[in-house]
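Some notes on the structure that comes next.
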Amino acid sequence: EKLFRLFLFKFFIMSLEEEIKKRRTFGIISHPDAGKTTLTEKLLLFGGAINEAGAVKSNKIKKTAASDFMEIERQRGISVSTSVLAFNFKDKKINILDTPGHKDFAEDTYRTLTAVDSVIVVIDVAKGVEEQTEKLVEVCRMRQIPIIIFINKLDREGKDAFDLLDEVEKKLGLTVTPLSFPIGMGLNFKGIYNVWKKNIKIYQNDQKQIIGNKTTFNSLNDPELESIIGKKNIKNLKEELELIDGVYPSFEKNSYLNGDLHPVFFGSALNNYGVEDLLECFIEIAPFPLPKQSEKRIVEPKEEKFTGFIFKIHANMDPNHRNRLAFVKIVSGTFKRNTSYLHVRNNKNLKFSAPNTFFAEKKEIIEVSYPGDIVGLHDSGNFKIGDTLTSGESLNFIGIPNFSPEHFRYINNKNPMKAKQLEKGINQLMDEGIAQLFVLNLNGRKIIGTVGALQFDVIQYRLLNEYGAQCEYENINIYKACWVDGDKDCSSMDDFIRKKQKYLASDKKGKLVYLSDSEFTLKMAQQNYSDLKFHFTSEF
Ligand code: GDP
């Protein structure tokens, strides 16, 4: 019997490992309008997960008006699964995690990045590296997340390909290696040379596609190829390929996986061109679910026992279904329906009868999920971003910090009859990670800090509509919030606390936060109290 059990155990571990190796969980990031939604849609087409283009609901918030946001959220409330788009391609299970492009939701995107194993960055060939791309890539670089770059809209006139590669290196601080290279662009766009597979695909936009025509060539010397794209283009391409060979490091999977080397692809998402090359390479090189650091130890995906963490909470804007959906990334073991798991922060066992999985845009109830997968759990207010669930072990994952907010306002109660509702509403919205609450040490006044200004309207609207509470804001002059710590019995901490009393607050965990009123005073404080540490994320 012992042998049989050992056999079962081995079988279990082996199939778990196989499931892990199949999975690719990633995010697509870009500045708004670079083509993230379009690319996502085409990827889903390849997976056969959707049948026609235009099926992916865009989560774009173009105008910075809260009403637009609310409208989008209401629509999304019905189809929250846009947060995860899963599909199968060849023998791989691919999970795309949606990241909002709007800068006011950058924190949501940062947190989603804690749950991805790699990213694809989309860049508009005409606009090059834009502001939002820079910020997001910086977060990826800090975490050494493997990055692939997709330069999009080659059917339009844009910057020279080499100039763009330069720009990516300089502005994003990445070391690039082109794995594909365009032949012309805009009206003269002829095709793409695939450095990875060493072949050429002739460009045909969606309308022009003629079935049966030869479109892929394996040799640059094929006379038919010359007749299609012209002698001059072939000569240029040959020179360019020599240059690429001489100037850029050749692709090495390990360097990419370590975050030291970044492959670049070119294409046109709208015309579904260059996307397949990207996807084919992606499934081969992108990492499968990686180990994750917890406070105690590193957790390996192939461990038998389940662990996972919550990286996103989606409120349901539909007034008839008020509960929230908490998104869990599975780190290790298997997650099963109707099984009791430990919610570590509350030290409480929870069982889920209807955990959701996602396929394309559909949400289904799942029996079992594996590392890399995202599971949606219905939640009536237990969860907070960053919470850990386990099979019983008391551990907490780290690396899901709050970021130092940049906009601040006092929040006041407008209707004294609804104080309780307001309190509950604020607490729950903060748990969702919309904004951060700071309580002034001096007088207990509440201050909301956000990454974007749009959030204030969102909070006000949701407090009223979901909790029946009314709030009003009052301006406050704060430049930046940062977390301060120092050695326990360091005398300058006492001094700091005495002198800066007016500017000190506690965050939700009771950590000391310094709300500096200007860049200058912050700098001075950092200088005058050089043995204290000033942190710009809540995790240190
Ligand atoms: P997102 O904001 O990054 O999600 O961008 P979208 O995918 O919504 O694309 C923004 C706009 O660019 C839309 O009008 C798309 O149709 C267009 N677009 C996307 N890809 C391409 C492309 O390859 N070529 C051209 N010409 N337009 C594109």
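When a ligand or atom number is given, it counts from 1 through the structure's own listing order.
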Looking at non-hydrogen atoms alone, which of E41, K36, K42 comes nearest to atom 3 (O) of ligand 1?
K36

Please report whether the ring centroid of F265 lies less than 6.0 Å from that of F282.
no

Within 45 degrees of the axis of the six-membered ring of F217 and under 6.0 Å from its centre: does K201 put its NZ or CZ there?
no

Should D277 and W196 count as side-chain neighbours, where that means a heavy-atom distance under 4.5 Å?
no

P32 neighbourhood, listing ligand 1 atoms whose heavy-atom distance to it stays under 4.0 Å:
2 (O)

Less than 4.0 Å between a side-chain N and a carboxylate O, is that true for K90 and E280?
yes

Atom indices of ligand 1, in the order listed, that fall short of 4.0 Å to a heavy atom of S30:
3 (O)

Please check whether K153 reaches ligand 1 - meaning an N/O of the residue sits under 3.5 Å from an N/O of the ligand, judged on distance alone.
yes

Is there at least one pair of N or O atoms, one from L270 and one from ligand 1, spaced under 3.5 Å apart?
yes

Tell me, do P263 and I285 make a side-chain contact under 4.5 Å, heavy atoms counted?
yes

Which bit of S268 is near ligand 1, meaning a heavy atom under 4.0 Å away: side chain, backbone, both or neither?
both

Judged on heavy-atom distance to atom 15 (C) of ligand 1, which of L154, I29, T38 sits nearest?
T38

Which atoms of ligand 1 sit under 4.0 Å from any heavy atom of R156?
26 (N), 27 (N)

Is any NZ, NE, NH1 or NH2 atom of the basic residue among R24 and D117 found under 4.0 Å from an Asp or Glu carboxylate oxygen of the other?
no

Just jot down the ligand 1 atoms closer than 4.0 angstrom to any heavy atom of A269, in number order.
23 (O)

Using a 4.0 Å heavy-atom cut-off, say whether T37 meets ligand 1 through its side chain, its backbone, both or neither.
both

What are the two closest heavy atoms between G376 and L325, and how far apart are they?
C-CD1, 3.9 Å

